[in-house]
Protein chains: 2
Amino acid sequence: MLISALPVIDQPARRVGALLEHVNRQLRQHSVPALETLGVRPRHVLALTVLRDTGGSSQADLAGLLQMDRTNLVGLLNELETEGWVERRRSPEDRRRHLVELTAAGGELLSRIDFALAAIEDHVLSALDAAQREQLYELLRQAANLEAACTESPDC
Amino acid sequence: MLISALPVIDQPARRVGALLEHVNRQLRQHSVPALETLGVRPRHVLALTVLRDTGGSSQADLAGLLQMDRTNLVGLLNELETEGWVERRRSPEDRRRHLVELTAAGGELLSRIDFALAAIEDHVLSALDAAQREQLYELLRQAANLEAACTESPDC
DNA sequence: TATTGTTATACTCTATAACTATA
DNA sequence: TATAGTTATAGAGTATAACAATA
């Protein structure tokens, strides 16, 4: 299986990295000001979304899902907790752990965020029709591979 | 055309923003160490690539294409110029402008970068087959809309 | 001894204001 | 007056080391 790992010289694979970065940046530039009016930054949105999808998580697990350092998550959660959007409480089973959960107010905020971001995506991705956007979503979801943790090799 | 701009409540559009961020971050985490062995960071790669594709550009135009502030481009170009990968020279027509061009050494470096990044994409996007990757590339290219500048409204 | 949350700290990336030289 | 390049600087995001509490 060595050959499949070698790039084909005649027809080089077209890298998606630069494009991914470009579209992501464009989306961010439009989203940040809109999110600012709601009192949040992109990182907050990701954290709230994961907490809704998982129904609550420890800080270490949450940091893993967000792909961010657990030390930086502390301040982020402080901000969310101050605003009353999340709650921290000690785990009864393991008193080292903080169980973080979305509050009702946090859920309502997230709905407003979803609404605002959907409108922005509609604008930024206007070059794609509905079917293409659905296709893009499916490809990215499959590529992200969120369910299956990379267990094959240690450096994954 | 107002209706098409409204989100459908019953079947909410599935946002690609979070997925885009996730895959982009995963790609970055693998790329940065590989690029470090070649002496560059992601920003350098984007700049070198644009300079190759455009055949040279002024700093202001380059900043626009890279979607970065022109003030931050100065230091980036200083690094690239010190290593001999790009050249700056005054424009004869407009002596305010610096024409930036890729050198032969810069082109060779970019080839090595392309090779390394292709291998990394091959690994990170292993959940997608060749046809799907091609599809993803085309969708992102269309979404990026690099050729057509957004001229409809002033806030684009 | 290892893990969870925490603090302090440094380093990178990004954004803003002000300067110069040219137009 | 406006634009291109530059500098200085402040803010946000990120990564590392060390500590207390708990397992």
Side-chain angles (χ1 to χ4, degrees), chain A residues 18 21-22 24-36 39-47 51 56-82 86-101, chain B residues 17-18 20-22 24-33 35-36 39-47 51 54 56-82 86-101:
Chain A
E21 190 111 8
H22 187 270
N24 192 41
R25 184 177 298 264
Q26 225 159 358
L27 217 42
R28 266 186 104 85
Q29 281 182 345
H30 284 81
S31 301
V32 167
L35 292 175
E36 202 174 349
V40 290
R41 280 165 289 137
R43 271 301 193 193
H44 295 124
V45 179
L46 290 174
L51 287 176
S57 166
S58 78
Q59 293 188 196
D61 291 345
L62 185 56
L65 290 169
L66 294 173
Q67 292 190 116
M68 72 183 290
D69 202 285
R70 74 186 202 278
T71 63
N72 297 319
L73 183 59
V74 177
L76 195 76
L77 289 178
N78 288 346
E79 296 168 351
L80 293 176
E81 199 174 28
T82 300
V86 305
E87 272 180 4
R88 272 190 273 215
R89 60 174 218 270
R90 287 271 169 203
S91 164
E93 295 96 27
D94 185 341
R95 287 189 48 75
R96 292 173 301 181
R97 297 186 144 219
H98 278 171
L99 294 181
V100 189
E101 284 178 356
Chain B
L20 218 53
E21 190 112 5
H22 188 270
N24 193 41
R25 184 177 298 263
Q26 225 159 357
L27 216 43
R28 267 185 104 84
Q29 279 182 347
H30 285 82
S31 301
V32 167
L35 292 175
E36 201 174 351
V40 290
R41 282 166 287 137
R43 273 301 193 189
H44 295 123
V45 180
L46 290 175
L51 287 176
T54 60
S57 166
S58 78
Q59 293 188 197
D61 291 344
L62 185 57
L65 290 169
L66 294 172
Q67 292 190 116
M68 70 184 289
D69 202 287
R70 73 187 205 278
T71 65
N72 297 319
L73 183 58
V74 176
L76 195 76
L77 289 177
N78 288 345
E79 296 168 351
L80 293 175
E81 198 174 30
T82 299
V86 305
E87 273 180 1
R88 272 192 272 214
R89 61 174 218 272
R90 289 271 168 201
S91 164
E93 296 94 28
D94 185 341
R95 288 187 48 73
R96 292 173 302 182
R97 296 187 144 220
H98 278 171
L99 294 181
V100 189
E101 284 178 358

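Reminder, nothing fancy here: chain letters follow the sequence lines and each chain counts from 1.
- No more than 12 heavy-atom neighbours from other residues, nucleotides or ligands sit within 6.0 angstrom of CD on A:E87.
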Run the side-chain contact (heavy atoms from CB on, under 4.5 Å) check on A:R43 and A:N72 step by step: do they pass?
CA-CA 11 Å; A:R43 271 301 193 193; A:N72 297 319; over 6 Å; no
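- The NE2-C1' distance, from B:H98 to C:dA23, rounds to 15 Å in whole Å.
- The side chain of A:Q59 contributes an N or O atom lying less than 4.0 Å from OP1 or OP2 of C:dT6.
- Between D:dT14 and A:R43, a contact under 4.0 Å exists linking OP1 or OP2 to a side-chain N or O.
- Across the protein-nucleic acid pair, B:R89 atom CZ and D:dA4 atom C1' stand 16 Å apart, rounded to whole Å.
- Within a 6.0 Å radius of CZ in B:R95, no more than 12 heavy atoms belonging to other residues, nucleotides or ligands are found.
- Atom pair B:L76:CG and C:dC13:C1' shows a separation of 11 Å (rounding to whole Å applied).
- A heavy-atom distance below 4.5 Å is not found between the side chains of B:L35 and B:H44.
- Under a 3.5 Å cut-off, the side chain of A:Q67 and the backbone N or O of B:R25 do not form any donor-acceptor pair.
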Let me have a per-nucleotide readout for nucleotides 15-23 of chain D, 5' to 3', with B, S or -, counting only protein heavy atoms under 4.0 Å.
BBB----BS
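- Checking side-chain atoms of B:R89 against main-chain N and O of B:V100 turns up no donor-acceptor pair under 3.5 Å.
- Atom CG in B:L99 sits roughly 19 Å away from atom P in D:dT3 (whole-Å rounding).
- The interatomic distance linking B:R97 (CZ) with D:dA2 (P) rounds to 18 Å, in whole Å.
- Rounded to an integer number of Å, the gap from B:L73 CG to D:dG5 C1' is 10 Å.
- Using a 4.0 Å heavy-atom cutoff across all strands shown, B:R28 reaches no nucleic acid atom at all.
- Contact of the A:H98 side chain with the A:R90 side chain is registered, since non-hydrogen atoms from C-beta on lie closer than 4.5 Å.
- The minimum heavy-atom distance linking A:D61 with A:S57 is given by the pair CB-OG, 3.3 Å.
- Rounded to whole Å, the distance from CG on B:L66 to P on C:dA15 is 13 Å.
- Considering only side-chain N and O atoms, A:R41 lies nowhere under 4.0 angstrom from the phosphate OP1 or OP2 of C:dT14.
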For DNA chain D, what is the dot-bracket line, given that a base pair needs Watson-Crick (N1 to N3, plus N6-O4 or O6-N4) or G-U wobble (N1-O2 and O6-N3) geometry with both distances under 3.5 Å, and | means paired with another strand?
|||||||||||||||||||||||
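- Minimum heavy-atom separation, B:L62 to B:A47: CD1-O, 4.5 Å.
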